Amino acid sequence: MTNENRKPKRIAIFASGKGSNAQKIIDYFRGSGEIEVALIVSNKSDAGVLEIARKEAIPSLILDKHSFFQGDSYPDFLKEKEIDFIVLAGFLWKMPSSLIKSFPQRMVNIHPALLPKFGGKGMYGARVHEAVLAAKEKESGITIHYVDEIYDHGQIIFQTKCPVSPGDNPDSLAEKIHSLEYAWYPKTIEKLLQNIVKRS
Ligand code: GRF
């Protein structure tokens with residue numbers, strides 16, 4: 001193994017909201033020595049995830065909308081920061097192709113339902129659970145997938161299910177889904193990272 005490959009692999013987490021998944025991922029890799037959460041990225045200056053970054057002393061970045069969608073500086077910035085892998089955890093902007101192309105098979109998202117059902121533009125947060133309940137589904141779950149140019153569309157890596165009970169409402173379903181996310185997202189990321197080589 002080269003020295004390069006002994007250096008910890010560096011994750012950037014992109015999130016727009018409170019960041020409870022980001023927190024679980026940070027907790028999971030704390031002290032790992034092989035994998036580290038090196039950067040927190042958000043499109044919202046008041047996102048809870050930035051408070052987590054501050055508390056955890058992890059560098060953070062607030063995206064500029066124009067540069068993100070029209071410019072091409074972020075791929076270089078992430079390269080300079082030696083980011084090996086991007087994790088989306090409740091990130092609501094659509095990833096531009098320049099970033100997707102810079103991280104082939106190195107960018108994953110988690111969706112709080114069983115794709116290909118209940119995904120696509122506008123399907124996030126409580127809306128997903130409301131749609132699942134309205135469709136009288138007997139089960140829901142989580143999907144971890146690679147990111148491509150279409151919302152919630154990239155190759156599926158992992159899914160697991162939970163029952164939808166007759167008494168469930170969007171909040172109770174969200175709670176079940178969050179438990180699945182916390183249990184499976186960090187270890188799925190770990191497995192994927194174990195199979196990639198560090199970028200040079
Ligand atoms: C999660 O439910 C995830 O599936 C979705 O966005 C939500 C983020 O929640 N993509 P949190 O900010 O991690 O609490």
Side-chain angles (χ1 to χ4, degrees), residues 9-17 19-29 34-35 37 41 43 49 75 78 83-165 168 170 172-197 199:
K9 290 170 189 159
R10 290 163 63 81
I11 301 175
I13 300 180
F14 282 54
S16 304
S20 65
N21 275 281
Q23 182 72 66
K24 296 290 173 190
I25 295 164
I26 294 164
D27 293 344
Y28 187 84
F29 291 116
E34 288 174 15
I35 295 168
V37 178
V41 181
N43 58 314
V49 73
L78 294 168
I83 298 302
D84 298 295
F85 199 83
I86 294 182
V87 169
L88 309 188
F91 182 66
L92 297 182
W93 282 359
K94 193 156 182 289
M95 274 287 161
S97 335
S98 57
L99 263 174
I100 295 170
K101 289 203 176 85
S102 304
F103 287 84
Q105 304 282 94
R106 286 166 182 257
M107 189 188 297
V108 294
N109 181 43
I110 189 161
H111 186 76
L114 296 169
L115 292 175
K117 283 178 159 182
F118 309 108
K121 192 167 167 27
M123 282 303 244
Y124 61 86
R127 293 185 196 181
V128 178
H129 308 309
E130 283 159 10
V132 168
L133 292 167
K136 304 205 181 318
E137 294 289 311
K138 298 267 179 299
E139 51 191 18
S140 188
I142 61 167
T143 304
I144 298 169
H145 64 94
Y146 288 115
V147 175
D148 69 7
E149 266 93 351
I150 304 169
Y151 271 117
D152 302 325
H153 173 269
Q155 184 196 335
I156 292 174
I157 300 162
F158 176 84
Q159 290 186 304
T160 189
K161 296 173 180 174
C162 62
V164 177
S165 318
D168 267 329
S172 63
L173 188 52
E175 213 172 290
K176 288 184 198 171
I177 296 290
H178 264 123
S179 305
L180 291 180
E181 293 181 333
Y182 302 157
W184 290 99
Y185 207 16
K187 55 186 175 195
T188 304
I189 293 164
E190 182 178 41
K191 254 199 201 153
L192 294 170
L193 274 159
Q194 281 164 346
N195 291 329
I196 66 164
V197 286
R199 310 245 260 188

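Every value quoted in this text rests on a predicted model; they were computed, and no experiment measured them. For the numbers below, each heavy atom of this structure counts, side chains included, while hydrogens, waters and symmetry mates do not.
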Close side-chain approach of Leu99 to Leu78, heavy-atom, < 4.5 Å: yes

Sub-4.5 Å side-chain heavy-atom contact between His129 and Glu175: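 SC-SC contact between His129 and Glu175 ruled out.
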
How many angstroms lie between atom [atom1] of [X] and atom [atom2] of [Y], to the nearest 0.5 angstrom?
X: Gln194; Y: Ile35; atom1: CD; atom2: CD1; value: 6.0 Å
X: Lys187; Y: Ile25; atom1: NZ; atom2: CD1; value: 13.5 Å
X: Tyr182; Y: Ile110; atom1: OH; atom2: CD1; value: 10.0 Å
X: Ile189; Y: Phe29; atom1: CD1; atom2: CZ; value: 5.5 Å
X: Phe118; Y: Glu130; atom1: CZ; atom2: CD; value: 12.0 Å

Do side-chain atoms of [X] reach the backbone of [Y] as a donor and acceptor pair under 3.5 angstrom?
X: Ser172; Y: Asp168; result: no
X: Lys94; Y: Tyr151; result: no
X: Ser102; Y: Pro75; result: no

Side chain to side chain donor-acceptor pair (under 3.5 Å) against Arg10, all qualifying residues, sequence neighbours excluded: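 Expected list: Glu36.
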
With Lys24 via salt bridge (charged side-chain N to carboxylate O under 4.0 Å, His left out) - residues at least two apart: none

Residues, nucleotides or ligands: over 12 heavy atoms within 6.0 Å of Glu149 CD: yes

Flag if over 12 foreign heavy atoms under 6.0 Å of NE2, His178: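 More than 12 within 6.0 Å, yes.
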
